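Presented below is the structure to which this report refers.
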There are 2 protein chains.
Amino acid sequence: MTLTMTHLSPAAPSPGGHLLHPIVRKLSAFGRLSAEERAALAGLGTGAQRVEGRLDLLAEGAAPESAVLILEGVACRYRHRRSGARQITAYLVPGDLCDPDILHLDRLNHSVGTLGPCRVARVPREALASLNQQYPAVARALRLAKLAEEETTREWVMNVGCRSAIERVSHLLCELHERLRAVGWATKAGYDLALTQQDLADTTGLSNVHVNRVLRQLRLMRLVEMGGKRVDILNLPALQEIAEFQADYLRPAAG
Amino acid sequence: MTLTMTHLSPAAPSPGGHLLHPIVRKLSAFGRLSAEERAALAGLGTGAQRVEGRLDLLAEGAAPESAVLILEGVACRYRHRRSGARQITAYLVPGDLCDPDILHLDRLNHSVGTLGPCRVARVPREALASLNQQYPAVARALRLAKLAEEETTREWVMNVGCRSAIERVSHLLCELHERLRAVGWATKAGYDLALTQQDLADTTGLSNVHVNRVLRQLRLMRLVEMGGKRVDILNLPALQEIAEFQADYLRPAAG
DNA sequence: TATTTTTAGTATCATTTGTTATTAACAAAT
DNA sequence: ATTTGTTAATAACAAATGATACTAAAAATA
């Protein structure tokens with residue numbers, strides 16, 4: 001238990017970061033929320049449970065019964081090819097709600113699983129519906145969050161479609177840094193994350209061996225060090241420069 | 001003018017296909033619509049205009065003023081890297097509405113442009129809003145269409161992330177075939193589409209030269225022939241087999 | 001602590017894919 | 001009809017990445 005806690009706690013999150021529910025923190029970035037709205041959102045986190053790493057939260061083929069709210073830790077969407085190859089299509093960080101919309105479906109065609117240990121809450125369809133009805137500001141923020149998610153998927157198409165290996169890996173590490181920082185789970189210096197090189201490979205469309213080569217290069221360039229369950233960012237500007245990382249897509253500006 | 005018409009008319013679309021507005025046809029696949037609802041949807045197409053090929057409908061950086069409904073022809077979303085490389089992140093076929101949601105934004109971070117000549121209608125924010133309010137069945141169908149679009153983007157991440165060159169190109173051609181067929185713009189035998197090899201390359205994350213190699217191979221295998229502005233599907237089952245193409249993601253099953 | 005299992009690191013070699021250049025075919029424009 | 005630009009086809013070569021195999025290091029488990 002203590003061990004698990006250690007894994008989950010970032011080295012030094014921004015002060016007060018964990019007092020605020022991550023979804024409140026995330027959605028506040030998309031528009032001011034009243035105290036009542038914040039309370040209602042925070043209520044989604046009641047009944048949260050700890051889940052160990054490498055476990056499925058939603059399984060391909062099943063009919064989703066509830067959305068999943070990530071409170072701590074990182075999960076991902078993924079699918080397997082017949083060959084067994086896995087492709088990760090998204091990461092879910094604290095504050096992310098997965099999947100409000102897919103609740104309309106009979107059958108998921110991808111799975112969602114934890115990477116490291118997580119704390120997650122199941123959010124029933126009805127809770128979401130009433131939240132959307134009662135609090136237009138929350139509904140609006142959720143819509144913008146959704147837009148950000150879509151932009152992110154498109155950014156991933158860019159990433160695997162037209163960036164080199166080192167650019168892809170750098171871009172991914174920048175994105176995770178930015179997203180975790182937004183909810184208090186990363187500092188300027190880096191973040192705790194149980195990502196294996198195989199995970200990175202399955203995300204970036206590279207082989208595990210080549211990811212290893214890229215990481216060695218990033219280490220030698222003194223940009224990033226990934227060891228154990230930790231990502232240390234040594235030179236963020238340079239890393240972002242390599243990746244051509246522009247954080248706009250993570251925070252769509254509302255009109 | 002006659003020439004343009006020729007380019008736009010498919011060889012032999014399914015009978016009556018063009019009498020129905022493509023968006024009605026498309027959304028009907030997601031749920032039964034009343035005559036009134038169909039009429040309201042068809043109304044979105046009034047004021048449609050012809051647009052030539054290789055023209056932007058929405059430009060990166062601009063604030064979108066209206067959504068765009070594609071009635072004929074094919075358009076795409078794309079972005080450029082600093083290097084000039086272009087990545088296409090989605091295709092838009094007749095019946096596709098682009099982008100209802102992005103209307104909330106100040107600033108697009110991708111462009112939308114036509115590939116060949118198109119017929120498109122601008123759909124003002126208000127028209128969409130009232131449609132959604134008045135006709136819940138339409139709103140539901142639009143939601144499902146949106147889900148299909150999201151699944152499609154994820155499928156593209158799979159495509160560029162973990163498929164070989166020939167698999168990627170095959171998958172793309174299968175997807176276009178399926179989507180165009182759903183709205184009457186492709187037959188079993190193929191479809192008219194002004195796609196250059198460079199377009200294919202920008203979509204699949206390959207070089208134009210390699211796309212040419214792949215197309216030659218597909219031609220020699222007697223699976224596909226792409227010439228001029230035409231895609232001829234010679235052996236659909238074999239093509240789908242190569243691509244591991246499963247059309248489910250294009251039509252999410254509602255619960 | 002000992003012992004499996006997983007993950008990381010590295011080397012070697014094979015393969016795929018990209019780059020550049022050149023020509024031919026085609027389409028558009030004058 | 002000529003010219004100009006675009007697209008397609010191909011070759012020759014270079015570079016990036018993948019596959020396999022093996023060892024070392026960590027982590028998880030007993």
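These figures come from a predicted structure and were not determined experimentally.
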> Are side-chain N/O atoms of A:Asn208 and A:Gln197 paired as donor and acceptor at under 3.5 Å?
Replying inline: no

>> Mind checking if A:Arg168 touches a base, just sugar-phosphate, or nothing, with heavy atoms under 4.0 Å?
In response: nothing

>> Nearest whole Å is fine: how far is D:dA9 C1' from B:Leu218 CG?
In response: 15 Å

>> From CD of A:Gln197 over to P of D:dA25, roughly how many Å is that when rounded to an integer?
In response: 15 Å

>> Taking the axis from the first five pairs and the axis from the last five, what angle separates them in the helix from C:dT1-D:dA30 to C:dT30-D:dA1, rounded to 10 degrees?
In response: 60°

>> Counting C-beta onward and ignoring hydrogens, is there a side-chain heavy-atom pair between B:Arg213 and B:Arg216 closer than 4.5 Å?
In response: yes

> Taking the side chain from A:His177 and the backbone from A:Thr187, do they hold a donor-acceptor pair closer than 3.5 Å?
Replying inline: yes

> Is it true that a side-chain atom of B:Gln49 and a backbone atom of B:Arg119 form a donor plus acceptor pair closer than 3.5 Å?
Replying inline: no

>> Keeping A:Arg163 on the side-chain end and A:Arg168 on the backbone end, is there a donor-acceptor pair under 3.5 Å?
In response: no

> With respect to the side chain of B:Arg216, which nucleotide from C:dT10, D:dA11, D:dT17 is positioned closest?
Replying inline: D:dA11

>> Measuring to OP1 and OP2 of C:dT6, would you say a side-chain N or O of A:Arg54 lies under 4.0 angstrom away?
In response: no

> In whole angstrom, what separates B:Glu52's CD from C:dA27's P?
Replying inline: 18 Å

> Does the separation of the ring centres of A:Trp156 and A:Tyr91 fall below 6.0 angstrom?
Replying inline: yes

> Taking NZ from A:Lys229 and P from C:dT6, how many angstroms apart are they, rounded to a whole number?
Replying inline: 14 Å

>> Checking the side chain of B:Thr114 only, and the main-chain atoms of B:Pro117 only, is there a donor and an acceptor separated by less than 3.5 Å?
In response: no

> Which ones in residues 198-213 of chain A lie close to DNA chain D, meaning a heavy atom under 4.0 Å from one of its atoms?
Replying inline: A:Gly205, A:Leu206, A:Ser207, A:Val209, A:His210, A:Arg213

> For A:Arg230 and C:dA8, what is the distance between atoms CZ and P respectively, to the nearest whole Å?
Replying inline: 16 Å

> Which residue lies toward the 5' end of DNA chain D, A:Arg163 or B:Arg219, if each is placed at its nearest nucleotide?
Replying inline: B:Arg219

> In terms of heavy-atom contacts, does CD of B:Glu65 have more than 12 from other residues, nucleotides or ligands at under 6.0 Å?
Replying inline: no

>> I'd like to know if the side chain of B:Asp202 reaches the main chain of B:Asp199, judged simply by a donor and an acceptor atom lying under 3.5 Å from each other, with no hydrogens or angles considered.
In response: no

